[in-house]
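All remarks here apply to the structure that follows.
Note that the coordinates shown come from a computational prediction; the quantities given were computed from them, not determined experimentally. Within every chain, numbering begins at 1; the chains are lettered A, B, ... in the order of the sequence lines, protein sequences first and strands thereafter.
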Amino acid sequence: MIKYWSILPLFHQLDPMDPYDPKSLEAEAQQLWADNGVFEVDEDPARESYYCLCMFPYPSGKLHIGHVRNYTIGDVISRFKRMLGFNVLQPMGWDAFGMPAENAAIKNNVPPASWTYQNIDYMRGQLKLLGFGYDWKRELATCKPEYYRWEQWLFTRLMEKGIAYKKTAPVNWCPVDQTVLANEQVIEGRCWRCDTEVERREIAQWFLKITDYADELLADLDKVEWPEQVKTMQRNWIGRSEGMEVEFEVPGHDSLMIYTTRPDTLYGATFMAIAAEHPLALKAAEQNPEVAEFIEACRKTNTSEAALEKMEKLGMAIGINAINPVNGEQIPIWIANFVLMGYGTGAIMSVPGHDQRDWEFARKYGIEIRQVVEPADGSTIDLEAGSFVTKEGRGCNSDILDGLDFEAAFDRIADHIEAQGKGSRQVNYRLRDWGVSRQRYWGAPIPVINCAACGNLPVPEADLPVVLPEDVEFEGIGSPIKKMDSFKKITCPQCGGPAERETDTFDTFMESSWYQERFCCPDQNEAMLDARAGYWSPVDLYIGGIEHAILHLLYARFYHKLMRDEGLIESSEPFNRLLTQGMVLKDGSKMSKSKGNTIDPQDLIDRYGADTVRLFIMFASPPEQSLDWSDTGVEGAFRFLKRLWAAVQEHIAEDTGEASFDKQSLNDDQKAMRLKLHETINKVTDDFDRRLTFNTAIAANMELLNSVTRFEDDSVPGKAIRQEVFDSMVLMLAPIIPHICHRLWRDLGHDSLIIDHRWPEVDATALVQDNIEMVIQVNGKLRGKMQVVVDAERDVCEAAALKNDQVLRFIGDNPVKKVIVVPGKLVNIVI
RNA sequence: GCCGGGGUGGCGGAACUGGUAGACGCGGCGGAUUCAAAAUCCGCUGGUGGUAACACCUUGGGGGUUCGAGUCCCCCCCCCGGUACCA
């Protein structure tokens, strides 16, 4: 703990009537924190740890207001937990790989690395100006080899375990720029740079078998304290379903394997749909130029799910039939643009009677729609109007399934098909394996060597890391390392022959999947993680945007389990509690450069100081809701700080001496002041700890400041109560507006750092009241109020209510039918 | 399309477990201070009617449950996030 005597020279001479000057007092506080390493922490088994982590930023150039919100929330909670006595870790780093750096390189001809490092330097300065209590010793950037080498190392381990594997998957391809495009770079089906129509291509890529962990990822959601909506989104994303794999024979060709969750509708299958890239489709195209043309047309669609679902569903029959295993019927095989080769088997069975998408397709192409499920209540349905999608019906026109409900029909047909060897019960997931290959430069190189003789080999551990060359020039859009022989050409570690390095890089979600563990031991050069991770991890509270509810958070959970199974860590989940922060809006819509409605945090810091920015952000709305930016609201926050400053300065200017008070002999106003204070401490503590609603905590302190300003009592106990109020208020506000409170704490006569002081405690005796107010309603409408003793019995309340003048007016001559008493709250008289 | 969330005064929001709708702040109006302005301080401020006391209406729209609904249930509208290569 640092005592003031050691740092006094840093402060101005105290003049109680100094105006509030955020610039100098914030600089002084920040300097003191930095010089004394106030937020640097070490593992201390004697103390309980609290690991508070905010999603680290992509170094895009400068902080945007969403960052400021995210990091203010994290800093407020970290400082609060520290005041409760926890050993708090709050680190910060940089999610430094990604596309914007490449775009900047193409546009401005600067290497992505130097652009990134410059941005990091600038943004680090901004974070320091905001006064966030980070342990800067632990700072990391994911683009540094000492970071990504461990990711490469783990990947080689996963290759050996078979969790990393290679298969083809679709990408967006620009035929002019000769490069792969991200979904974001495809604007209405065209390349964002050259406006060429984008094609879909199937290329070989690396995958991680996240589906092997699907059940555990699902089950472990019950172990974490996350918002229910995020858990629901993840459950739906994983999408566990119980169904069957069924084999359809195709005379003269390989059979088609399909998966269905509705084997009870097998008798209603009237066609099959396959992907344009399916081998059977390609074979048909050889015979039929029209089919070839259609396949070509199918390639003109985006790979994104939203685009795929919204586009017009198109198909073409290939003139080959499949045999339905349940009834031997021959049904036509169609190529359909909404079936993708990369997902499942690239083939589906279609039951237009009982699936809406199949129904629309069948309607369009005049394919038979057959009813095989009927309503259980015996009513009739109209398949001309739409499909009948339900699991509540019973089978019809289905031979052995007729009259059976869903469960019975499922079992009957499953037994039947399994007995015939034409398929089996199967649990399936909507979740697909994680494609980690990116055909881009600014990412961690995938540590693989491609040898014509030996195949795909992991780079031997001794040769790691595979370092990404940072001094590169962009010629066009493609990745420079794909043409760089000095990087590419290598000898095979197995046969010694010529080989090539993999030039794809990792998805940047790889880096952000484990940084939270590396923060525990960022200087460890011998291993990915060490025992220190065991002290801090898992993260106690993780804070970030709701937009990460599925992908990032699911990948990080998966990666954590991979590290656990590698023996690197003991826990199964990375983030115990999650706080998803809402977006920052301006005039009700998202800020964007094109709309010109962006707010630059730097301007605000320059004009008002960090405390005002922090206060406004925390006051404007609760963290989980979106926040609408308001310039006048910022003024209001600044005004509050000035009032707080002036009120404390005025208090310390009066001579309080050794003022004290005796709880037993206070007058009514003094009691009321202390009641207000301790009610506020009670509420604010709950708001900070359980509810995480800092806006109401701030509002409560504003009320308290209003009350204490009106508390004009110059007696000795009065002064002492005022000191108690200001001490508590400054402590309660310190996590939110740390600079001004740091200063006011000393002005109030304390010689320790406020960050090292304990959070204020409620004095239960101050909360005791004699009388309370109760509301009286007539037929549920408020008609009167009354004072009763604090623990008045029901009948006392009722009798008092029925004597109330206002109430009697409303009752009039009507007989009272019923009286409802909610003790301590209200009396409702029903007439 | 699918999954998830949201909609309360002129504005941001409060109302935590079905129990006083609108705390706190912004804005607005009026006043004090000032030569004047800024800043600051004090008062009023959901809508409609009324001189007033007061009454009625009001939580996106429609219906329901309940003594009582912003809160629970059903239907609809609008906005936002995600949708697997934006991070």
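- For G9(B), the base adopts the syn conformation, since its glycosidic angle falls within 90 degrees of zero.
- Nucleic acid contact class of His548(A) (heavy atoms, under 4.0 Å, all strands): base.
- Contact of Asn236(A) with C3(B) (side chain to base): no donor-acceptor pair of N or O atoms is detected under 3.5 Å.
- Within a 6.0 Å radius of NZ in Lys482(A), more than 12 heavy atoms belonging to other residues, nucleotides or ligands are found.
- Looking at heavy-atom distances under 4.0 Å, Arg639(A) makes contact with sugar-phosphate atoms alone, never a base.
- Within the cation-pi definition used here (under 6.0 Å to the ring centroid, within 45° of the axis), Arg430(A) qualifies as a partner of Trp237(A).
- A donor N or O paired with an acceptor N or O is not found under 3.5 Å between the base of G5(B) and the side-chain atoms of Glu624(A).
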Quick test: give all pairs of protein nitrogen or oxygen and nucleotides 22-24 of chain B nitrogen or oxygen below 3.5 Å, distance rounded to 0.1 Å.
from: A23(B); atom 1: O2'; to: Glu703(A); atom 2: OE2; distance (Å): 3.0

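- Using a 30° and 60° split on the angle between ring planes, Phe638(A) and Tyr20(A) fall in the tilted class, from 30° to 60°.
- Using a 4.0 Å cut-off between a side-chain N of Lys or Arg and a carboxylate O of Asp or Glu, Glu703(A) and Lys683(A) do not qualify as a salt bridge.
- Residues passing the salt bridge (Lys or Arg N to Asp or Glu O under 4.0 Å) test with Lys166(A), sequence neighbours excluded: Glu502(A).
- Considering only side-chain atoms of Ile820(A), the nucleotide from G1(B), G13(B), G19(B) that sits closest is G19(B).
- Ring geometry for Tyr147(A) versus Trp514(A): interplanar angle under 30°, hence parallel rather than tilted (30 to 60°).
- Between G82(B), A87(B), C67(B), one nucleotide has an atom nearer to the side chain of Pro100(A) than all others, and that is A87(B).
- Using cut-offs of 30° and 60° for the angle between ring planes, the Tyr213(A) and Phe558(A) rings count as perpendicular.
- A donor-acceptor contact under 3.5 Å is formed by the side chain of Lys785(A) with the base of U20(B).
- Across all strands, Val819(A) comes closer than 4.0 Å to no nucleic acid atom at all (heavy-atom distances).
- Of the listed nucleotides (G68(B), G4(B), A14(B)), G68(B) has the atom at the smallest distance from the side chain of Asn828(A).
- Looking at heavy-atom distances under 4.0 Å, Pro57(A) makes no contact with the nucleic acid at all.
- Note: Phe694(A) and Phe688(A) have perpendicular aromatic rings, judged against thresholds of 30 and 60 degrees for the angle between ring planes.
- Listed candidates were G4(B), G1(B), A84(B). Nearest to the side chain of Tyr555(A) is A84(B).
- Side-chain atoms of Lys642(A) lie closest to U40(B) of the nucleotides A84(B), C16(B), U40(B).
- Within the 4.0 Å cut-off from OP1 or OP2 of C57(B), at least one side-chain nitrogen or oxygen of Lys781(A) is found.
- For Lys209(A) and Asp433(A), the salt-bridge test fails: no basic side-chain N is under 4.0 Å from an acidic carboxylate O.
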Walk me through whether Phe616(A) and Trp629(A) qualify under ring pair (Phe, Tyr, Trp, His ring centres under 6.0 Å). CA-CA 9 Å; Phe616(A) 172 71; Trp629(A) 192 264; 4.9 Å; yes

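- Among the heavy atoms of the strands lying under 4.0 Å from Lys825(A) are primed sugar atoms or P, OP1, OP2 only; no base atom is included.
- Residue Leu627(A) is classed as having no contact, given no heavy-atom separation below 4.0 Å to the nucleic acid.
- Using a 4.0 Å heavy-atom distance criterion, Arg783(A) is classed as a sugar-phosphate-only contact.
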Give RNA chain B the dot-bracket treatment, 5' to 3': Watson-Crick (N1-N3 with N6-O4 or O6-N4) or G-U (N1-O2, O6-N3) under 3.5 Å, [ ] crossing, | other strand. (((((((..(((......[....)))((((((.......))))))((((....))))..(((((..]....))))))))))))....

